[in-house]
Colleague: 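I'd like to ask some things about the structure below.
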Amino acid sequence: METLPLNTIYVQNLLVIINRLHMLLHSTALAFLFYYRLCFFFQPSETRESHLLLPWLLVFASEIILSFIWILDQAFRWRPVSRSVFPERLPEDHKLPAIDVFICTADATKEPTLDVMNTVLSAMALDYPPQKLHVYVSDDGGSPLILHGVREAWKFARWWLPFCRRHKIKNRCPKAYFSALKDNDDGDFARSSVYMEDKQKIKEKYEAFKEEIKTFRKDRTFSRDYPSVIEVMQETIIDDVDDVKMPLLVYVSREKKPSHPHHFKAGALNVLLRVSSVMSNSPYILVLDCDMFCNDPTSARYAMCFHLDPKISSSLAFVQFPQKFHNISKNDIYDSQLRSIFTLQWQGMDGLMGPVISGTGFYIKRVSLFGNFARKGTDLLQLKEYFGSSNEFIRSLNQNYTSDLVSGQKYALLEEPHFLASCNYEIGTKWGQEVGFSYVSVVEDYLTGFILNCNGWTSVFCEPSRPQFLGSATTNLNDVLIQGTRWYSGLFENGINRFCPLTYGLSKMPLLQSLCLAWLTYFPLYCFPLWCFATIPQLCLLNGIPLYPKLF
Ligand SMILES: O=c1ccn([C@@H]2O[C@H](COP(=O)(O)OP(=O)(O)O[C@H]3O[C@H](CO)[C@@H](O)[C@H](O)[C@H]3O)[C@@H](O)[C@H]2O)c(=O)[nH]1
Ligand SMILES: [Mn+2]
């Protein structure tokens, strides 16, 4: 008997028809416009009015750029799909694969410790067997505040996790749970006095936890020179709570030296990738920014509905959830929600090879990040050239590997993880190029996704009605400009370097997928037509210069 599918995919047929008809109409109109322009440029120079030349050239260049971007954009509209999942059909808990969660934080002054800890707690409270969940916090600022926060979060989690499990709380980020205006998360338990009592008790614990974080002051001057610090939160801290099954929680602050490039978030993720390999080595990894908490505990099971689907799993690299935000203003004048990306475009790519990595909220298969190592054979020297000199790490590439760091009691030493988190480890290896998250671009998420596509990996976009992750968007002009400059310059750079989707990409993946990727890299070119159309037609109108054919 055939087992029931874990997920289904629907092509949005009505949209497909409308989109394709629109493509036909729009491209016909473009063809006429181009014909009109070319007739002007190819007419004999004596009949052409010379004062028209400059404005016509500028407008024509703008039209060419806009049409180019428009053509690329059509790839997103070619085959939009949507998906549904059936987590109730997943195998029993003991058969589920393990998951590592990576949470990155970088700057304790800009990213409040309490908020980061809320993200950590929400991830620890995911609805997944706790012994199969391992949470790693990467602190790129090496801040004692964060380390202290993680220790306190661990203690609080021993109350918080059982509370969430007992009452089936949906919103497992404590800050969001306690600040919800209505008690709409109380569900069926709302009227039960046991629940209300429990809630009151846990609220007091949370207040104490908050206070503990707020009052901790360890003044330290900002430094870029410190050794790695790795600490595994231990089981033995509290004895007044019953035996609670807890996920593993590890604090990692990699070594930093001014003489060594640290490669920002990609560098931090690669350190976590190595450190976790010799500790829990889970086959799947959830990556979270510290400003994006789990708003619903079911995402891990949803993601497994794809990763465990035998029809797609062999080539599936990651399951991407949309980025949704909790701090969007009423008018959202900068479109901080990134609406077109997370509705239209990722659905469109999902019908092709799948969306690109969006930085946070994705469950990725660990081996997909190891490049083509399988093809390199099992020659130890070659593997070391590729992955660096840690024997333990190379052993972890074998999927049956289990580390005695987790099963045994070797937490205190952690020699190998420290070695893997050192500045020198990556020198002379392929980390950041062919292995792990890419260092080539400041938008490491885009490029890593692109390279996965080039290696034949696909992805899936999963958008349940309740947002699985909620983050803080940039809402003021200054932040929007800083973020925008980083994103768009980073993306554009990938359109003109050796990873150009229209040359390198086209040789390695289907046309439509590379057009989508090309759109992402080239749409910053919009600025040129934007400036031209904001000035030239108006000036031409005032000076009586015709730009378009007369209709009447
Ligand atoms: O040296 C660094 C710099 C940043 N981060 C972390 O990376 C995450 C994202 O950084 P942020 O400054 O918040 O950038 P955003 O522009 O908000 O992030 C978006 O854009 C990035 C690519 O530019 C992606 O990596 C992110 O996932 C995506 O949310 C945060 O958790 C940071 O703590 C580090 O760990 N180390
Ligand atoms: Mn952010």
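Read the numbers this way: they start at 1 and go in the same order the structure lists the ligands and their atoms.
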Colleague: Indicate the atoms forming the closest heavy-atom contact of Ala268 with Cys104, along with that distance.
Modeller: CB-SG, 4.5 Å
Colleague: Have a look at ligand 1 and work out which part of Asp107, if any, has a heavy atom under 4.0 Å from it: side chain, backbone, both or neither.
Modeller: neither
Colleague: What protein heavy atom sits nearest atom 13 (O) of ligand 1, and how far away is it?
Modeller: Asp291 OD2, 3.8 Å
Colleague: What do you reckon, are the aromatic ring centroids of Trp346 and Phe362 less than 6.0 Å apart?
Modeller: no
Colleague: Pick from Asp289, Asp445, Asp140: which one makes a salt bridge (Lys or Arg N to Asp or Glu O under 4.0 Å) with Lys265?
Modeller: Asp289
Colleague: Mark up the atoms of ligand 1 that fall under 4.0 Å of a heavy atom belonging to Val442, in ascending order.
Modeller: 23 (O)
Colleague: Is atom 23 (O) of ligand 1 less than 4.0 angstrom from at least one protein heavy atom?
Modeller: yes
Colleague: Stepwise, does the ring pair (Phe, Tyr, Trp, His ring centres under 6.0 Å) test hold for Phe370 with Phe387?
Modeller: CA-CA 9 Å; Phe370 292 154; Phe387 295 107; 5.6 Å; yes
Colleague: Going by the order shown, which atoms of ligand 1 are within less than 4.0 Å of some heavy atom of Thr105?
Modeller: 33 (O), 35 (O)
Colleague: Tell me: protein heavy atom nearest atom 1 (O) of ligand 1, and distance?
Modeller: Phe264 CA, 3.2 Å
Colleague: Which atom pair, heavy atoms only, marks the closest approach of Ser313 to Phe306?
Modeller: CB-O, 4.2 Å
Colleague: Would you mind running through ligand 1 and noting each atom that sits below 4.0 Å from a heavy atom of Gln323?
Modeller: 29 (O)
Colleague: Suppose we call two aromatic rings close when their centres sit under 6.0 Å apart. Are Phe156 and Trp159 close by that rule?
Modeller: no
Colleague: Nearest to atom 6 (C) of ligand 1, what protein heavy atom do you find, and at what distance?
Modeller: Cys104 CB, 3.9 Å
Colleague: Side chains of Gln513 and Asn453 only: does a donor on one sit below 3.5 Å from an acceptor on the other?
Modeller: yes
Colleague: Check each of Lys265, Lys256, Gln483, Glu111 against atom 32 (C) of ligand 1 and report the one with the nearest heavy atom.
Modeller: Glu111
Colleague: So if I count the atoms of ligand 1 from 1 in the order they appear, which ones are less than 4.0 Å from some heavy atom of Asp140?
Modeller: 1 (O), 2 (C), 34 (C), 35 (O), 36 (N)
Colleague: I'd like to know if the side chain of Arg466 and the backbone of Asn295 have a donor-acceptor N/O pair within less than 3.5 Å.
Modeller: yes
Colleague: Ring centroid separation for Tyr302 and Tyr363, is it under 6.0 angstrom?
Modeller: no
Colleague: Using a 4.0 Å heavy-atom cut-off, which part of Asp289 comes near ligand 1: side chain, backbone, both, or neither?
Modeller: both
Colleague: Does ligand 1 have a heavy atom under 4.0 Å from the side chain of Arg486, from its backbone, from both, or from neither?
Modeller: side chain
Colleague: When rounded to the nearest 0.5 angstrom, what is the spacing between CG in Leu397 and CD in Glu392?
Modeller: 11.0 Å
Colleague: Would Gln323 and Thr360 count as having a side-chain donor-acceptor pair, cut-off 3.5 Å?
Modeller: no
Colleague: I need the protein N, O or S atoms closer than 2.8 Å to the Mn ion (ligand 2), given as residue plus atom name.
Modeller: Asp291 OD2
Colleague: Between ligand 1 and Cys290, can you find any atom pair, the residue atom being a heavy atom, that is separated by under 4.0 Å?
Modeller: yes
Colleague: Less than 3.5 Å between some nitrogen or oxygen of Arg254 and one of ligand 1, yes or no?
Modeller: no
Colleague: Could you tell me whether some N/O pair between Gly359 and ligand 1 is separated by less than 3.5 angstrom?
Modeller: yes
Colleague: For Lys256, look at atom NZ and say whether over 12 heavy atoms of other residues, nucleotides or ligands are found less than 6.0 Å away.
Modeller: yes
Colleague: When only distance counts, is Ala106 in polar contact with ligand 1, meaning an N/O pair under 3.5 Å?
Modeller: yes
Colleague: Does Glu444 have a heavy atom less than 4.0 Å from any atom of ligand 1?
Modeller: yes
Colleague: Other residues, nucleotides and ligands only: do more than 12 of their heavy atoms fall within 6.0 Å of CH2 on Trp531?
Modeller: no
Colleague: Identify the protein heavy atom lying closest to atom 20 (O) of ligand 1, giving its residue, its atom name and the separation to 0.1 Å.
Modeller: Trp487 NE1, 3.0 Å
Colleague: Counting only N and O atoms by type, is there a donor-acceptor contact under 3.5 Å from the side chain of Gln468 to the main-chain atoms of Ser299?
Modeller: yes
Colleague: Report yes or no: does Met292 have a heavy atom closer than 4.0 Å to ligand 1?
Modeller: no
Colleague: Does a donor on one side chain and an acceptor on the other come within less than 3.5 Å for Asp139 and Tyr251?
Modeller: yes
